[in-house]
Undergrad: 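Dropping a structure here in structure tokens format, bear with me for questions.
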Amino acid sequence: MIKRDKSNISVPFILEANSEPAKREFKAAKEHYTPVRNNGSFSFNIYKHDSIKHSLSDLFHGKCAYCESNYEGNQPVDIEHYRPKSEILLENGDRLIGYWWLAADW
């Protein structure tokens, strides 16, 4: 992944500390993953918000964070997290809980 300095871009309003949607999603994820249990995946939706897509597009100048190819105008924007949110699948088939608490962290 290409390293960028996010300090030049404002935090998208949907991810601000007092954002109700971010608070609700964090609370629901916490209830789902605490205590640790494997009863299906959790649907993270906050990062699908247009304000985040626009901020990331500005940050990466309309290019993919991994390969730097231009995606604007010819590809749908799909936001990937550096760390897995829901779970981590190990080579031996075991599953670990992912980094759910960072899912809505700018």
Undergrad: Roughly how far, to the nearest 0.5 Å, is CD of Glu25 from CD1 of Ile46?
TA: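 Going from CD1 on Ile46 over to CD on Glu25, the span is 5.0 Å.
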
Undergrad: For Glu80 and Tyr66, run side-chain contact (heavy atoms from CB on, under 4.5 Å): C-alpha distance rounded to whole Å, both residues' side-chain angles, the deciding distance at 0.1 Å, then the answer.
TA: CA-CA 10 Å; Glu80 296 293 333; Tyr66 295 102; 4.0 Å; yes

Undergrad: What heavy-atom pair brings Phe60 and Arg4 nearest, and what distance separates the two atoms?
TA: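 Where Phe60 meets Arg4 most closely, the heavy atoms are CE2-CG, 3.2 Å.
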
Undergrad: With a 3.5 Å cut-off and sequence neighbours excluded, list the donor-acceptor pairs that the side chains of residues 8-21 form with protein atoms.
TA:
{"from": "Ser19", "atom 1": "OG", "to": "Ile14", "atom 2": "O", "distance (Å)": "2.7"}
{"from": "Ser19", "atom 1": "OG", "to": "Ala22", "atom 2": "N", "distance (Å)": "3.4"}

Undergrad: Kindly give the heavy-atom pair with the smallest separation between Arg95 and Leu89, and that separation in Å.
TA: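 So the minimum-distance heavy-atom pair works out to CG-CD1, 3.8 Å.
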
Undergrad: Applying salt bridge (Lys or Arg N to Asp or Glu O under 4.0 Å), name anything that partners Arg83, two or more places apart in sequence or on another chain.
TA: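 For Arg83 there are no salt bridge (Lys or Arg N to Asp or Glu O under 4.0 Å) partners, ignoring immediate neighbours.
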
Undergrad: Distance-only, no hydrogens or angles: does the His49 side chain make a donor-acceptor pair with backbone N or O of Ser51 under 3.5 Å?
TA: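 Present.
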
Undergrad: Rounded at 0.5 Å granularity, tell me how far OH in Tyr47 sits from NZ in Lys85.
TA: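 One gets 10.0 Å once the value is rounded to the nearest 0.5 Å.
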
Undergrad: Side chain to side chain donor-acceptor pair (under 3.5 Å) with Asp94: which residues, sequence neighbours excluded?
TA: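 Scan of Asp94 (side chain to side chain donor-acceptor pair (under 3.5 Å), adjacent residues dropped) gives Asn92.
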
Undergrad: List in chain and number order the residues that pass side chain to side chain donor-acceptor pair (under 3.5 Å) with Lys53, two or more places apart in sequence or in another chain; answer none if no residue qualifies.
TA: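 Checked Lys53 against side chain to side chain donor-acceptor pair (under 3.5 Å); zero matches.
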
Undergrad: Give the table of side-chain donor-acceptor pairs shorter than 3.5 Å for residues 99-106, with sequence neighbours excluded, one pair per line with atom names and distance.
TA:
none

Undergrad: Classify the ring geometry between His32 and Phe42 as parallel (under 30°), tilted (30 to 60°) or perpendicular (over 60°).
TA: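 Taking Phe42 first and then His32, their aromatic rings sit tilted (interplane angle of 30° to 60°).
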
Undergrad: Can you tell me how far the CD1 atom of Ile52 sits from the OG atom of Ser57, to the nearest 0.5 Å?
TA: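 Here the interatomic distance stands at 13.5 Å.
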
Undergrad: Using the test side chain to side chain contact (heavy atoms under 4.5 Å, CB included), find all partners of Ser43 that sit at least two apart in sequence or belong to another chain.
TA: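 Result, side chain to side chain contact (heavy atoms under 4.5 Å, CB included) vs Ser43: Asn45.
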
Undergrad: Would you compute the distance between atom CG of Leu56 and atom NZ of Lys6 and round it to the nearest 0.5 angstrom?
TA: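 Leu56 CG to Lys6 NZ: 8.5 Å, rounded to 0.5 Å.
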
Undergrad: Just wondering, do Leu90 and Ile88 contact through their side chains at under 4.5 Å, heavy atoms?
TA: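 With C-beta onward as the side chain, the pair touches.
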
